[in-house]
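First the structure, in the form of structure tokens, and then the observations on it.
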Amino acid sequence: MKELIKRLVETYGPAGSEESIREVIMEEVRPYVDELHVDALGNLIALKRGGGKKLMLASHMDEIGVMVTSIDENGFLRFYGVGGISPFSLIGNRCYFANGTVGVFGMERLDAMKDLTMNKMFIDIGVDSREAALEKVKVGDVAAIKREFCDLGKRLVSKAMDDRIACAIQIEALKQVQNPAYDIYAVFTTQEEVGLRGARVAAYGITPDIGIAVDVTRTGDTPKCATMAVCLGKGPTVKVRDSSVLCTPAVRRHMEEVAKANDIPYQLEVLEAGGTDAGAIQLTKSGIPAGVMSIPCRYIHTASEMVDYDDVLNGVRFLVKLMETEYQG
Amino acid sequence: MQTKEFLKQMVEATGVSGSECRVADFISRVYGEVCDDVRRDVLGNVIGFKKGSGEGKRPAIMLAGHMDEIGLMVTQIDDKGFLKFTQVGGVDQRTLVAQEVVVHGREDLVGVIGHKPPHLVPPEDRNKAIPMNELQIDLGLPVERVKELVRVGDVVTVKRSFVELGKDIVSCKAMDDRAAVAVIYECLQELRKLRHTADVYAVATTQEEVGLRGATVSTYGINPDIGIAIDVCHGAMPGVPEQDTAPMGKGPSIAFGANIHSKVFDQLVKLAKEYNIPYTLDPTPAGTGTDLWAMQVVRAGIPTALLSIPCRYMHTSVETVSMTDIKLSGRLLAYFIASVDAAFVEGLLCY
């Protein structure tokens with residue numbers, strides 16, 4: 001499964017520019033599903049038929065990135081963030097555009113580092129004039145962070161673990177599921193990082209009986225970090241709430257029962273900041289019961305997002321069992 | 001049931017956003033006595049239905065008052081059994097120190113939010129509010145027992161009883177917005193004396209405090225011709241300029257502005273004058289932060305209005321309102337509903 005994870009996280013796909021990653025995922029899931037289609041927002045919807053109620057799964061395939069806002073006469077690019085990206089996380093990093101152009105992040109001279117904002121930074125693509133720059137990029141082009149996958153053994157590190165690790169889990173679960181208890185609409189959503197936009201319309205189109213998002217969550221297990229009772233390696237989480245959703249209590253109970261019945265380790269998650277596709281799914285039409293399984297992840301929204309491989313494998317087991325166990329409401 | 005007793009039992013019940021079950025059960029039971037049907041939707045909204053008279057297509061009016069309250073949620077149990085917590089909705093952290101709370105774990109547990117005594121606080125910190133992340137809940141139980149009874153994600157409410165201050169003013173937690181649910185109850189009772197052709201959907205909404213979520217889906221499900229939100233506004237109180245508040249006991253505050261349909265507003269004012277119901281006006285140039293905001297843009301758009309009950313000390317555990325305002329607001333809503341016919345609804349779309 002590590003090969004699959006590496007392939008997914010190293011593929012380009014910032015919010016709104018998901019073509020390449022969608023192609024990769026399409027190729028991976030095609031053998032294991034009954035139908036595949038892409039909707040107007042670019043969501044990839046994979047249907048695996050099991051009869052009965054509709055279960056919608058949502059893992060977002062978009063990642064954070066930066067967009068070019070202007071190009072100066074010396075060929076330096078100004079930019080702003082696509083999704084929640086901190087200027088501090090960009091220093092010393094590189095980015096790459098859909099056409100392969102690589103840039104490095106630079107910054108103006110500052111009196112104090114705390115004064116750093118994105119508009120004091122620029123991207124250097126190794127040219128010395130606007131004309132030369134325009135041969136490679138134009139205003140509005142979007143770049144992803146450039147960083148390779150790294151297997152530390154027990155832990156895996158890369159850019160875009162948020163949320164390709166969930167895409168990997170969803171693909172793997174589609175491969176492994178034996179007796180689906182639903183018509184499963186496994187959606188690889190777009191534009192999550194800019195406001196849960198793909199999931200919103202996918203849920204409207206599907207109108208599922210229950211929705212479960214798979215995403216990453218923060219942890220409280222690094223030196224002097226904020227209080228949070230989630231650790232790497234103690235299993236996937238059953239989310240209670242985040243900024244976007246108070247998970248439907250009956251769905252949360254169902255998820256806990258499925259985990260317990262199958263001896264899958266899990267943690268309860270209260271995430272104080274951040275949202276997930278479940279927030280959009282739950283508020284669709286006259287309301288959809290919604291829950292979230294999260295994979296604990298350190299250093300979210302940086303070039304080095306870290307997950308625990310056991311959590312990933314347990315996440316696959318958990319998702320397979322959720323696919324095979326009917327929700328009674 | 002008397003409206004005051006209904007309000008008392010409501011505000012003393014638990015119903016933090018997303019966990020409204022207990023207060024919802026109570027409201028469902030009482031609404032059942034004055035409605036033709038009561039149901040709940042996926043987000044837990046309680047929807048009381050009172051059928052209008054007459055044949056053919058009847059106008060549908062939705063009344064929305066949110067029953068969820070702000071509260072706290074357990075984020076971690078430390079190795080001594082103290083609970084760390086965060087907020088659900090906009091809790092004012094300055095008001096938390098020295099409160100008694102109820103932790104809704106496997107059973108209800110009383111706790112206190114303590115902090116180190118002034119003797120041990122450095123002089124430079126004595127005048128500062130204490131941030132929520134430095135506070136903890138003390139249940140006075142051994143850590144093993146705490147871990148048996150409490151889990152991450154359990155909700156917590158401030159422990160507070162309903163009190164009557166003088167003849168008219170009442171105070172408790174959760175008046176925001178159960179005072180509005182009481183308004184709707186008062187309206188439903190008043191409607192029994194009136195003839196109304198419109199169908200009424202009396203909705204006690206959920207999750208308003210975290211983003212108007214219950215109203216979003218219940219409005220979609222009902223798809224009303226008119227939506228009226230009832231919420232609290234700031235009541236006159238010391239230290240706040242008069243223009244930012246509404247007087248207590250002088251009737252509902254009727255909002256007008258971009259998010260309010262002018263013909264619904266005009267009709268409310270006209271009826272208030274006609275029936276000698278005192279009211280104040282509430283100019284709202286932009287977002288009101290109420291269910292109205294969500295209701296207006298559901299489906300193809302809903303004509304909306306907003307009635308507000310003046311409330312002192314909003315988002316604290318001593319929210320204070322006037323019973324007179326609740327009664328007057330209920331009456332005005334009932335007269336409004338009785339005045340709505342198919343022609344009025346049609347007129348709402350003629351600009």
Side-chain angles (χ1 to χ4, degrees), chain A residues 195-196 200 203-204 207-211 217-221 224-231 234 237-253 255-256 266-275 278-292 327 329, chain B residues 16-22 24 39-45 47 68 71-78 82-89 104 131-136 147 150-156 205-223 294 298-299:
Chain A
L196 324 179
R200 190 178 310 276
Y204 188 96
T207 318
D209 297 294
I210 170 175
T217 192
R218 293 186 183 280
T219 68
D221 62 352
K224 294 193 176 174
C225 62
T227 303
M228 190 165 170
V230 172
C231 302
K234 291 193 178 170
T237 77
V238 172
K239 190 188 289 281
V240 179
R241 63 83 64 99
D242 61 31
S243 319
S244 71
V245 69
L246 292 155
C247 292
T248 308
V251 175
R252 189 183 130 192
R253 276 196 297 277
M255 291 176 71
E256 288 193 66
Y266 73 95
Q267 314 178 62
L268 287 172
E269 171 202 344
V270 174
L271 179 63
E272 296 190 48
I281 296 169
Q282 190 185 45
L283 300 188
T284 300
K285 296 193 180 177
S286 47
I288 309 286
V292 182
Y327 169 67
Chain B
V16 175
S17 309
S19 312
E20 296 93 349
C21 206
R22 278 199 232 174
R39 66 180 177 90
R40 266 190 244 183
D41 71 10
V42 168
L43 260 80
N45 295 291
I47 304 173
D68 62 312
L72 306 172
M73 182 178 274
V74 176
T75 55
Q76 198 160 43
I77 303 167
D78 80 8
F82 291 98
L83 310 178
K84 300 300 287 182
F85 58 89
T86 184
Q87 61 186 338
V88 180
H104 304 281
M132 200 175 298
N133 60 19
E134 290 179 19
L135 295 171
Q136 53 278 316
K147 288 191 169 165
V150 181
R151 300 199 307 160
V152 167
D154 286 347
V155 294
V156 180
T205 62
T206 56
Q207 300 194 29
E208 192 270 357
E209 296 289 1
V210 292
L212 322 178
R213 295 182 192 157
T216 302
V217 300
S218 55
T219 310
Y220 187 98
I222 293 164
N223 196 19
V298 167
R299 295 202 191 211

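Below, chain A is the first sequence line, B the second, and so on; all start at residue 1.
Heavy atoms closer than 4.5 Å to chain A are found nowhere in B/Ser218, neither backbone nor side chain. Heavy atoms of B/Ser17 lying under 4.5 Å from chain A belong to its backbone as well as its side chain. The contact between A/Pro249 and chain B is made entirely by side chain atoms (from C-beta outward), counting heavy-atom distances below 4.5 Å. Of the two parts of B/Val298, neither the backbone nor the side chain holds a non-hydrogen atom closer than 4.5 Å to a non-hydrogen atom of chain A. For chain B, the nearby parts of A/Gln282 are the backbone and the side chain; heavy atoms of each come within less than 4.5 Å. Within the 4.5 angstrom heavy-atom criterion, only backbone atoms of A/Ile288 (N, CA, C, O) approach chain B.
The candidate from B/Ile222, B/Val42, B/Asp78, B/Val74 with the greatest count of non-hydrogen atom pairs under 4.5 Å with chain A is B/Val42. The residue among A/Glu272, A/Gln267, A/Glu269, A/Arg252 with the most heavy atom pairs within less than 4.5 Å of chain B is A/Glu272. Between chain A and the options B/Gly153, B/Gly211, B/Gly214, B/Cys21, the largest number of non-hydrogen pairs under 4.5 Å is found for B/Gly153. Note: A/Ser244 leads A/Ser244, A/Ala250, A/Ser243, A/Gly329 in heavy-atom pairs under 4.5 Å with chain B.
Under the salt bridge (charged side-chain N to carboxylate O under 4.0 Å, His left out) criterion, A/Arg218 pairs with no residue at all, not counting sequence neighbours.
B/Arg299 CZ to A/Lys285 NZ: the interatomic distance, rounded to the nearest 0.5 Å, is 8.5 Å. Note that the CG atom of A/Leu246 and the CD atom of B/Glu20 stand 8.0 Å from one another [nearest 0.5 Å].
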Chi angles and distances behind the side chain to side chain contact (heavy atoms under 4.5 Å, CB included) call for B/Leu43, A/Leu283: CA-CA 8 Å; B/Leu43 260 80; A/Leu283 300 188; 3.7 Å; yes
Pair B/Thr86-A/Arg241, side chain to side chain contact (heavy atoms under 4.5 Å, CB included): steps then yes or no: CA-CA 11 Å; B/Thr86 184; A/Arg241 63 83 64 99; 3.5 Å; yes
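Residues B/Val152 and A/Val270 come closest through the heavy atom pair CG1-CG2, 3.5 Å.
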